[in-house]
Amino acid sequence: LYNWIYARGVTDLEAMTNLSKDLRQRLAADFRIELPRVALHQRAQDGTRKWLLDFDDRNAAETVHIPEPDRGTLCISSQVGCTLTCAFCHTGTQRLVRNLAAGEIVGQVMLAQDALGARGAAEDRRKLTNIVLMGMGEPLYNYPNVKAALGLIMDGNGIGISRHRITLSTSGIVPEIGRCGEELGVLLAISLHAVTDELRDRLVPINRKYPLSELLQACRDYPAVKNARRITFEYVMLRDVNDGEAEARELTRLIAGIPAKVNLLPFNPWPGAEFECSTELAMQRFAAIVEKAGYVCTVRRPRGRDILAACGQLKTASERKPASAK
Ligand code: SAH
Ligand code: SF4
């Protein structure tokens with residue numbers, strides 16, 4: 001069963017012909033194997049796809065696929081909405097919140113594999129090579145389900161995507177960072193976004209509970225770091241808020257000694273947001289300072305903006321449906 005479902009993606013019990021007919025019938029009487037229902041599938045001009053998934057209780061979450069010439073990255077959600085309220089993030093304004101079950105998380109990957117035809121031959125598998133937990137929700141606030149789902153995703157007899165190709169992004173839930181490193185060993189991305197507690201308290205309010213010093217210590221202690229696996233520091237570029245040259249220098253001072261790369265995220269606007277994206281020049285200057293200090297610094301080019309699929313733009317349309325439709 002495990003092989004049929006996770007390695008081959010077969011959900012029809014009748015097709016599992018090496019199981020006895022009797023067993024298949026008994027299973028069919030008691031269980032169903034289903035992928036999340038797709039309420040909406042959109043494709044952006046740049047090939048990015050977004051699926052809005054509708055779960056049994058009518059809650060919804062989004063999954064995004066970002067194709068690149070030699071690989072494909074799937075951005076999956078761990079919660080419906082998010083309980084945290086980062087000032088620049090659309091997801092954080094969503095009212096409905098619940099944890100996704102492990103099946104709902106792994107179902108996102110299986111659904112994308114089906115839709116992309118990403119199983120079997122190496123050439124097909126190249127369409128979905130990497131996974132980032134960077135969709136809706138804070139994955140470390142749903143750790144047990146994320147752990148169970150990643151177990152299936154990373155298992156060589158299951159879906160079989162290596163931990164070195166999976167990145168979990170967190171706003172900084174310090175106590176869970178260590179567990180994640182020890183039990184899952186996936187790559188870590190930290191939503192840093194500010195270099196002083198004063199500003200980070202405002203932009204990423206969980207900082208009031210787990211301030212920068214504790215967060216950076218958790219990064220230094222992250223097991224994969226000891227094997228020289230780099231941590232990604234994500235830094236959203238907000239015009240005249242956190243994007244100055246002094247901040248860039250302070251950033252390099254803060255992360256000194258941590259094997260790291262820095263990923264600048266141009267702010268993606270959404271209706272009602274109070275911020276603007278930094279200018280191209282400010283982003284270049286910031287990146288140059290970080291690079292001069294010896295770190296790789298990339299600017300994450302927004303993908304799928306025209307279908308609100310870019311970072312921080314996810315917020316399910318389910319919220320906008322009238323109550324009677326729920
Ligand atoms: N909750 C986790 C996972 C989400 S990852 C986390 O916060 O890390 C999504 C990334 O996009 C995070 O780094 C998040 O801070 C960033 N982000 C949120 N809103 C954004 C916006 N409007 N523009 C650009 N990046 C944004
Ligand atoms: Fe939640 Fe991450 Fe958005 Fe913050 S940035 S509100 S933690 S999804």
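Counting starts at 1 for both ligands and their atoms, following the listed order. Predicted model only: the values in this text are computed from it and were never measured.
In summary, Arg179 and Glu176 engage in a salt bridge, as defined by a charged side-chain N under 4.0 Å from a carboxylate O. Classification of Asp56 and Arg32 as a salt-bridged pair holds, one side-chain N sitting under 4.0 Å from a carboxylate O. The residues Glu123 and Arg126 are annotated as not salt-bridged, no charged nitrogen and carboxylate oxygen being separated by less than 4.0 angstrom.
Here the heavy atom of the protein found nearest to atom 4 (C) of ligand 1 is Gly135 O, 3.5 Å. In this structure, the protein non-hydrogen atom closest to atom 11 (O) of ligand 1 is Cys311 CB, 3.5 Å. Protein heavy atom in closest approach to atom 16 (C) of ligand 1: Leu265 CD1, 3.6 Å. In terms of protein heavy-atom proximity, atom 15 (O) of ligand 1 is closest to His193 NE2, 2.6 Å. Nearest protein neighbour of atom 20 (C) of ligand 1, counting heavy atoms only, is Gly312 CA, 3.3 Å. Nearest protein heavy-atom contact of atom 12 (C) of ligand 1 is Ser191 OG, 3.2 Å. Of the protein's non-hydrogen atoms, Glu234 OE2, 3.9 Å is the one closest to atom 10 (C) of ligand 1. At the shortest separation from atom 2 (C) of ligand 1 among protein heavy atoms lies Ser169 O, 3.5 Å.
Residues Asn130 and Arg71 form a side-chain contact, since some pair of their non-hydrogen atoms from C-beta on lies under 4.5 Å apart.
Of all protein atoms, those that are N, O or S and lie under 2.8 Å from atom 4 (Fe) of ligand 2 total 1.
Qualifying salt bridge (charged side-chain N to carboxylate O under 4.0 Å, His left out) partners for Glu276, counting only residues two or more places apart in sequence or in other chains: Arg239. Evaluation of the salt bridge (charged side-chain N to carboxylate O under 4.0 Å, His left out) rule for Arg300 yields Glu234 as partners, not counting sequence neighbours.
Contact annotation for Leu84 and ligand 1: no heavy atom of the residue comes within less than 4.0 Å of the ligand. Here Ala189 has no heavy atoms under 4.0 Å from ligand 1, in either its backbone or its side chain.
Proximity of the aromatic rings of Tyr235 and Phe286 is defined here by a centroid distance below 6.0 angstrom, and this criterion is met.
The nearest protein heavy atom to atom 3 (Fe) of ligand 2 is closer than 4.0 Å.
A distance-only check finds a donor-acceptor pair linking the side chain of Ser77 to the backbone of Met136 [under 3.5 Å]. Distance alone, capped at 3.5 Å, places no donor-acceptor pair between the Asp197 side chain and the Asn207 backbone. Put simply, the side chain of Asn242 gets close to the backbone of Leu238: a donor and an acceptor are under 3.5 Å apart.
Residue contact check: Cys89 has heavy atoms under 4.0 Å from atoms 18 (C), 19 (N) of ligand 1. The distance from ligand 1 to the heavy atoms of Asn268 drops below 4.0 Å at these ligand atoms: 21 (C), 22 (N), 23 (N), 24 (C). When each atom of ligand 1 is checked for a heavy atom of Trp270 under 4.0 Å away, the hits are 22 (N). If you number the atoms of ligand 1 from 1 as listed, the ones under 4.0 Å from a heavy atom of Glu138 come out as 1 (N), 2 (C). Here is the list of ligand 1 atoms found below 4.0 Å of a heavy atom in Thr170: 6 (C), 8 (O). Listed by number with element, the atoms of ligand 1 under 4.0 angstrom from any heavy atom of Gly137 are 1 (N), 2 (C), 3 (C).
Each of Cys75, Ser78, Pro139 was compared with Met134 under the side chain to side chain contact (heavy atoms under 4.5 Å, CB included) criterion, and only Cys75 meets it.
Counted within 6.0 Å of NZ on Lys292, heavy atoms from surrounding residues, nucleotides or ligands total 12 or fewer; the atom is thus considered open. In Tyr2, the OH atom is crowded: over 12 heavy atoms of neighbouring residues, nucleotides or ligands sit closer than 6.0 Å.
On a distance-only criterion, Phe88 and ligand 1 share at least one N/O pair closer than 3.5 Å. The shortest N or O to N or O distance between His90 and ligand 1 is not below 3.5 Å.
Atoms CG and SG, on Leu168 and Cys180 in that order, are 5.0 Å from each other to the nearest 0.5 Å.
Sorted by first and then second residue, the pairs that involve residues 136-194 and meet ring-ring contact (aromatic ring centres under 6.0 Å, His included), not counting sequence neighbours, are Phe88-His193.
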